[in-house]
Student: 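I have a structure I would like to understand better, so I am pasting it below and will then ask my questions one at a time.
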Amino acid sequence: MKLFLAALAAALAATAHGAALPQNAQPNALPTSDEPDLSNFHVRKGPQVTDASGAPLKSGLTLELGSQAKAKCMYDMDTFVESNLNYGSDGGLYAEMIRNRAFQSPADGVFGVGANDSIGSGSLTAWQPVGDSKLDLVADNPLSDALPQSAKITCGTQKNELCGIKNLGFFGLPVHAGETYNASFYIRADKPGKMRLKFGLFSNDLTQAWAQNDAFVEIGSGWTPVHQVLTPREGASDINNVFAIQTNADAGSFQVNLVSLFPTPYPGTVARNDVAQKMLKFKPKAIRWPGGNDLVGHTIASRFQWNNTIGPLIDRPGRLGNWAGWNTDGLGVVEMYNFIQKMNARLIVGLWAGVDANNNSVLLKDLDPYVEQQIEFAHFLLDTEGKWADLRVKSGGPQKPYDVQAFMIGNEGGLTPAVDYQTRFDMITNRLKKEFAGHAGFDEIDLIASAAICVPTGYKYRVDLLNQPIYGTPADFVQKYHMYDEASRSNQTVFYSMEFAVINSGMEADDNIWFGPGRLHHSIMQGSLAESIFILGMENNCDIVRGAAYAPELSNESDDRASQSTPGMLEFDTTKVVGSTSWLMQSLVSANRISESLPIKNSKQLEDAKIYTSAGLDEHGAVVIKIVNYSEKRVPFNIDAGVPVGYPVCWEVAGQGPLDSNTLEKQLVKTEGCTAKASGTYLTVELSKWSFTVIKAERGRVA
Ligand SMILES: *[C@@H]1O[C@H](CO)[C@@H](O)[C@H](O)[C@H]1NC(C)=O
Ligand SMILES: *[C@@H]1O[C@H](CO)[C@@H](O)[C@H](O)[C@H]1NC(C)=O
Ligand SMILES: *[C@@H]1O[C@H](CO)[C@@H](O)[C@H](O)[C@H]1NC(C)=O
Ligand SMILES: *[C@@H]1O[C@H](CO)[C@@H](O)[C@H](O)[C@H]1NC(C)=O
Ligand SMILES: *[C@@H]1O[C@H](CO)[C@@H](O)[C@H](O)[C@H]1NC(C)=O
Ligand SMILES: *[C@@H]1O[C@H](CO)[C@@H](O)[C@H](O)[C@H]1NC(C)=O
Ligand SMILES: *[C@@H]1O[C@H](CO)[C@@H](O)[C@H](O)[C@H]1NC(C)=O
């Protein structure tokens, strides 16, 4: 009853200003009895509409919404952690601060070294000797089968000098006062006995100790584990620091391996805290991992193998990074999926289809054992009991199975037609279906193809088509607003777009969007808005589009545009992480999900004015309207919701212009509140130029 009076009062207030609502604004019968019934309320007709302040609206644009839901939505904002790319995992999300901690990484700049050996040729990358110590990479006395090489330090003869080894970190080492750093390593001495061990965080020249442990420790000729929590009382003013392990110069020679330094990670995970917090703010509904080239590998030997990424770190061989350096796989299946579940996101799991990123493939006739490895992976994730479930729990995973939304077969399956992606997809999915027939929940898991495929009609299982990865210019993305409008509603296909980004400004005459001068280093407003237009188009087709994921989510800030993929959704360096303009917009989409879509009656007219929208109802029945203003032409803007609306809230992402970016140095663009007013069935809002706006209002509840 209270609601009814409020509604009536507002409607009266509107008419009191001499307002009259257009004919089609007659309130429709409202869905539930809790909501006011205004069907008999007489609305005076007249020539003018006012906004809520009573000012007459100029003849301008009106977004006209249908009042009846068009479809139920499955669309969610996802994200894609392409691990090795841009130091996304080692050196990024994985909180480990020591680079090349087990001497596996190929030498800097020598891309593809060790391509054929799954354990890596190794190097002393990121390590330096202390004083006149001699440093060697050796295979003597292997620490484990997985970590066979180590550093051997042979002390010089200089009296009163220290002897040892120091690590420069990935890109320097930050030291914060009061932070706890968990240091650990394995050490063995050629001359067993009490050895002075002075280790910790120091300035690069070792003159300043930020936090150290200095004591005599019994070290044997076998490997001795050492660990110590270090808490600096004073922080360093820059990142020009090292982690060093030192001893007296008369120590002879010793070896170290698996040297690790962990700051306090995001609680209960091994994720870097600030990076994890930003990922959490985005609230992705599903995360694709492993995926892309990181899944398929630079070579067949260095493909992602789930069972090499579980268990003690000492048993994880890691693999050659597809893009750079080495994957320690310390951020393994259990660590990553536990983290994803902490974010309340579901899993989109990549399964290897026998093809690497460089056109090497396992012949179809030899594929079976590789398929079995994927089946075992699925058991590890999905089983409720038995040996795989036991292994999951023993490895630190949950008692209950992981929440898998989809398996995605291979990566970019269409790029090497010669390998017959369709047959690979069929082999793996048929095997999965056979193995998991009758497994509760399996039928709800989507099977995503990474290239166009054909399936017979009447096929029992849902087949999901991944569109080819979508990268392009802003103009390319604006065109994708209607990409799904004509897609079949009857053939069981749902769509995922698990890789997209505007990567080129489109302002240069580039014939190659990847390597031309227009390649973007950071997201720009115009690019992020164009991506948002694509996303709004997917929301308008949310009955068949299930998810989309910007790629890559994480990017170590880099000026090298060609070798790694820019821009990133979150850009980070050693000490900070910043959300790009794309991150701001997609976070808003994610936080304002719709569960039913509403028809937009005059889309064409709006597009002519460079306005792109999506509309729907959230799970509580509130109307959610998303708007991109892709111009700076001045046009007043209204929304006719078709039913009375009230209590509007509004957020916008707007900068000063289309080229604005957020970078590590400067964050020009923020999400800010904006003003929307409600009057009768109308909402009014001032759209800033080049802006993304989200308005949410109650339906049938006006104030
Ligand atoms: C890897 O093996 C292939 C085939 O055996 C060979 O052609 C190639 O040169 C090897 N690459 C390296 C880096 O050893
Ligand atoms: C520190 O590292 C050691 C060795 O890796 C581990 O056993 C211990 O649990 C860690 N402690 C903390 C507080 O993280
Ligand atoms: C990939 O290999 C196939 C043969 O297996 C060949 O036809 C094709 O040209 C190769 N593509 C590239 C990009 O090397
Ligand atoms: C991983 O699984 C495959 C079989 O699927 C097996 O050949 C391999 O030895 C396993 N690796 C480890 C480290 O257990
Ligand atoms: C279903 O329809 C879509 C678009 O209309 C098409 O791309 C896809 O190939 C079809 N799927 C199947 C399995 O035929
Ligand atoms: C990563 O960022 C650091 C600066 O923090 C920079 O020195 C380094 O070149 C970057 N590397 C890559 C590959 O982006
Ligand atoms: C788009 O932004 C410009 C600049 O603020 C504004 O003048 C124009 O009215 C907006 N477009 C619409 C349709 O609101």
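Each ligand, and each atom within it, is numbered from 1 in the order the structure gives.
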Student: How far apart are the C-alpha atoms of Asn257 and Trp223, what are their side-chain angles, what is the distance that settles it, and do they pass the side-chain hydrogen bond (donor to acceptor under 3.5 Å, both in side chains) test?
Tutor: CA-CA 9 Å; Asn257 205 354; Trp223 289 97; over 6 Å; no
Student: Can you give me a line-by-line list of nitrogen or oxygen pairs between ligand 4 and the protein shorter than 3.5 Å?
Tutor:
unit_1   : atom_1 : unit_2 : atom_2 : d
ligand 4 : 2 (O)  : Asn307 : ND2    : 2.2
ligand 4 : 5 (O)  : Glu376 : OE1    : 3.0
ligand 4 : 11 (N) : Asn307 : ND2    : 3.0

Student: Find out whether the Lys NZ or Arg CZ of Arg196 is both under 6.0 angstrom from the six-membered ring centre of Phe216 and within 45° of the ring's axis.
Tutor: no
Student: List ligand 2 atoms under 4.0 Å from Asn182, heavy atoms only on the residue side.
Tutor: 1 (C), 2 (O), 3 (C), 8 (C), 10 (C), 11 (N), 12 (C), 14 (O)
Student: Which pairs pass ring pair (Phe, Tyr, Trp, His ring centres under 6.0 Å) with one or both residues in residues 389-422, sequence neighbours excluded?
Tutor: Tyr337-Tyr402
Student: Do Arg272 and Glu96 come within less than 4.5 Å of each other through their side chains, counting heavy atoms only?
Tutor: no
Student: So, Asp274 versus Tyr266: side-chain donor-acceptor pair below 3.5 Å or not?
Tutor: no
Student: Check the pair Asp356, Asn360 against side-chain hydrogen bond (donor to acceptor under 3.5 Å, both in side chains), reporting the backbone distance first and the verdict last.
Tutor: CA-CA 6 Å; Asp356 75 6; Asn360 305 303; 2.6 Å; yes
